[in-house]
Amino acid sequence: MNVVESSAEQQLKQLNDAQSLITRLQPPAERAAASFRQAELWSDLGRRREAIAACSQLIAEFGALPDAAVVVPCCQALRLLAHVLRQLHRPADALATLDRLVAAHGQRSEPEIRAHIAHALYQRTWLIDDAAARCEACDFMSEQLDAQADAALDMWRLDARLLKAEIEHHRGLPQDALATLDAAIERFEGDTDPGVVLRVARARLATVLNLRELAQHTQAQVLCLQVADQIETGLADAAPELRLEGVRALALFFDGLGLDEVARRAELVGWLLDRYGHDASAQVRRLAAMRAHDWAVGLRDQGDGDAALAACERLLGTFARDGDAVVQRTVATTLLHKGFVLLDLLGRPEAALAVYEPLVAVSRDGATPELRELRVKATAGREACLKRLRKTGGLEAGELPERFDAACDTVREGRKLGDAGASREAIALFDEVLAAHAASPHPLMRRQCARALSHKTFCLLALEQFAEVVEAADAMDARYGADASTEMQSQVALCLQYKSTALDRLARPADEMRVHDEIVARWGNSELADLRARVAGALFRKGAVLRRAGRFAEAVVSYDEVIARTAMARDSALQLWAAKSMINKAKAFDKMDDLPGQAKAYRLLIARFGESGDAALRERVANACEWLAEAEGRQGRVAAQREALEQALGRFGTALSAEQRTRLKRELQALKTKALGRRAKQAFDRVVRRKA
């Protein structure tokens, strides 16, 4: 059964529950709420006629009752009715429905009702096609909301003015739009509410566009920097939406610079990547990556090869390990541009080939149109590089191109066999490449041999031939450890990681610890995300070795180093090492009988990664909530134990396995039962004392 079918069945079950609930409930407020839920479920199921009927019945039955608890579902029903009518292409009826809502309840002062009035007023502006009439609707919304002094409506007041200014801008009335925006900024500037601050920033950036329409470019540039600086001041605490406006402010400032201001543009892009390149919000990173990409392409089109290459490297250094699919598409496109710059602008076909080769491999089995297009372009670039190298003598005439292609195909086939579990067959192919080309001094062949040896080491590990793993890793380090290229260093570090695993399985903890220390010593200062992850993994595994040896305090020190090194990391792999280290640190505290320290470690994990959208991190946070509850219970902190269980179920219920969810619910119910028993005993004791 697919997800859509499961969701529909669940909604039908909820619908049946709501219908049965309506027949049982007596208080009007509860019946009205259940009736609205029924109408909402009909709408969610796409049953619009039934939704309209349910809304109409609710309004007819409860619309005349003055109680706020009944008025709220009536407001919700009228708004839902307007939404469904609009879906049925009946905008006039939808507009009349919203007008009915405003007329019936627009003078109510209850906050929850005022919120629905504000929603309805904003909703009705989008049902009006004529631009002048929409401006009047925005003015009507402002008048209605200004009649109430509730600060909670300030965001809606600003939205009305922003929408009016946008309409005026598109009508070709920038001066009117500026007047509307200036009045809004003057009124709400200085407000500390995050939603108001966000809208004021948007009003300022809308002002920039209108100033440019009026050829007031200097004022527009100054305003862009004012917005960027204001957001930068509180960047650490700014919401993702506000940080997005910070990116837009810098982008607008960039667009206002002259084409000859190359140094300022480069500085601005660097500023943009420093502040927003590792932002927690994928949307913010996407916008930052796209702006940096456009800058690199602009330099390429101007024929400035060195500057274009530097711009590509800056973008790739920031986003190469980003987990967002949209950002990765920008990274792939930037790699194509980098290859073009190296080949056509700088005349470095060998370096360009090293860019195109991984792209061809990554996109070889691409199932999406984007990956297929990437493969076509990367393959064309690769062929152009090989052709250029043949002409210039960069490859041995007639022989090496074919040998190089054959080696690439053999390594690729061996990797497929290894991934499929045919490790022995894969090793045979890797040995074939190594026997034929290990002595080649050519950088391209050396890279293929390094890849073959790295994959061979992994296959030996899968076959549990641990002594051979150590031998292969040592050979890798001896042959390629002095190669300064990023790819070679990454391959060497990976093989040393395999070596540490083999030494662990061979029960040689002292040698394993030396390997971990070597990884940290050699790559501990690297800024590359891949090598930083290897270092974090080495420190984590070192902590595990110390923990198994009963050296818990030293293990905690190792875990703390992982946590400190990844404190500002946005890369999901580095964040996962931090989460694992926090968990193992808590377990070490448990062995040291330091229950407060254990609970603190779990709380820090929940605080740091509790809002993460990464599935692996969410799973560990959910487990930490359960383990925190256990630690609190062992300290006799029943209230804190119950809070941790409720947090696990409330925030991470869908991320838990069915077994874990059942277990947590059972533990929580047991705590509630005990609490109820204690309260009953206390009440009984009070009654006995009074009678005595």
Side-chain angles (χ1 to χ4, degrees), residues 75 79 102 106 108-126 134-170 174 176-211 219-220 222-253 275-276 279-281 283-284 287 611:
C75 291
R79 287 183 51 221
V102 174
R108 298 290 293 253
S109 59
E110 295 87 348
E112 61 272 24
I113 298 176
R114 296 296 305 166
H116 286 295
I117 297 299
H119 273 281
L121 289 167
Y122 195 70
Q123 203 174 341
R124 71 189 294 277
T125 61
W126 294 99
R134 287 188 75 192
C135 279
E136 291 178 2
C138 291
D139 287 336
F140 176 69
M141 177 177 176
S142 297
E143 291 170 6
Q144 290 289 314
L145 297 181
D146 289 346
Q148 296 279 343
D150 187 359
L153 299 175
D154 282 349
M155 287 186 289
W156 289 109
R157 295 185 179 99
L158 267 167
D159 282 335
R161 288 160 172 81
L162 284 171
L163 180 57
K164 180 183 178 183
E166 182 182 352
I167 298 166
E168 290 169 334
H169 176 79
H170 289 300
D176 292 348
L178 277 176
T180 301
L181 292 167
D182 288 343
I185 294 169
E186 182 179 358
R187 177 172 175 181
F188 296 103
E189 188 175 23
D191 197 306
T192 58
D193 180 88
V196 174
V197 171
L198 171 65
R199 285 158 176 80
V200 169
R202 288 175 178 168
R204 290 184 183 279
L205 295 183
T207 300
V208 170
L209 298 177
N210 287 285
L211 286 171
Q219 297 94 315
V222 170
L223 195 55
C224 283
L225 287 185
Q226 283 180 352
V227 175
D229 288 342
Q230 185 179 16
I231 294 172
E232 169 66 17
T233 302
L235 188 64
D237 301 318
E241 296 83 3
L242 186 59
R243 299 199 300 273
L244 195 62
E245 298 307 314
V247 178
R248 287 187 59 230
L250 293 177
L252 284 172
F253 184 80
R275 283 153 179 75
Y276 302 104
D279 197 273
S281 166
Q283 192 175 4
V284 171
L287 194 57
E611 303 301 325

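Note that these values count all heavy atoms, side chains included, but never hydrogens, waters or copies made by symmetry. In this chain, residues are counted from 1 in sequence order.
Shortest non-hydrogen contact noted between Val227 and Ala201 is CG1-CB, 4.4 Å. Across all their heavy atoms, Ile167 and Cys135 have their closest contact at CG2-SG, 3.6 Å. Between Tyr122 and Trp126 the shortest heavy-atom distance is O-CD1, 3.2 Å. Of all non-hydrogen atoms in Ile231 and Glu245, the two that sit nearest each other are CD1-C, 3.9 Å. Residues Ala118 and Met141 approach most closely at O-CE, 3.9 Å, considering heavy atoms. Contact between Val208 and Ala220 at its shortest, heavy atoms only, is CG2-O, 3.8 Å.
Put simply, the side chain of Asp146 reaches to within 4.5 Å of the side chain of Arg187, judged on heavy atoms. You'll find the side chain of Arg161 reaches within 4.5 Å of the side chain of Ser142, heavy atoms only. For the pair Thr192 and Val197, the minimum side-chain heavy-atom distance is 4.5 Å or more. Ser281 is not listed as a side-chain neighbour of Leu244, based on a closest heavy-atom distance of 4.5 Å or more. Within the 4.5 Å cutoff, the side chain of Cys75 has heavy atoms near those of the Ile113 side chain. Residues Gln144 and Ile117 fail the side-chain proximity criterion, which asks for heavy atoms closer than 4.5 Å. Looking at Arg157 and Asp154, their side chains come closer than 4.5 Å, going by heavy atoms from C-beta outward. Using a 4.5 Å cut-off on side-chain heavy atoms (C-beta onward), Arg134 and Leu163 make contact.
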Query - Leu252 and Leu205: CA distance, side-chain angles, deciding distance, side chain to side chain contact (heavy atoms under 4.5 Å, CB included) verdict - result: CA-CA 8 Å; Leu252 284 172; Leu205 295 183; 4.0 Å; yes
Requested in this report: Under the side chain to side chain contact (heavy atoms under 4.5 Å, CB included) rule, what do His169 and Leu181 come out as? Steps first, then yes or no, please.
Outcome: CA-CA 11 Å; His169 176 79; Leu181 292 167; over 6 Å; no
Report task. Show the numbers, then the answer: is there a side chain to side chain contact (heavy atoms under 4.5 Å, CB included) between Arg202 and Glu241? Result -> CA-CA 10 Å; Arg202 288 175 178 168; Glu241 296 83 3; 4.2 Å; yes
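Side-chain N or O atoms of Arg199 include none that pairs as donor or acceptor with a backbone N or O of Asp159 at under 3.5 Å. Judged by distance alone, with hydrogens and angles left aside, the side-chain atoms of Arg204 form no donor-acceptor pair with the main-chain N or O of Val200 at under 3.5 Å. Between the side chain of Arg114 and the backbone N or O of Gly106, at least one donor-acceptor pair lies under 3.5 Å.
The aromatic rings of His116 and His119 sit tilted, their planes meeting at an angle between 30° and 60°.
Residue Met155 holds its CE atom at 5.5 Å from CG of Asp193, rounded to the nearest 0.5 Å. Note that the CG atom of Leu223 and the CD atom of Gln219 stand 9.5 Å from one another [nearest 0.5 Å].
Here the rule is side chain to side chain contact (heavy atoms under 4.5 Å, CB included) with Leu158, and of Leu145, Val196, Asp191, Ile185 only Val196 fits it.
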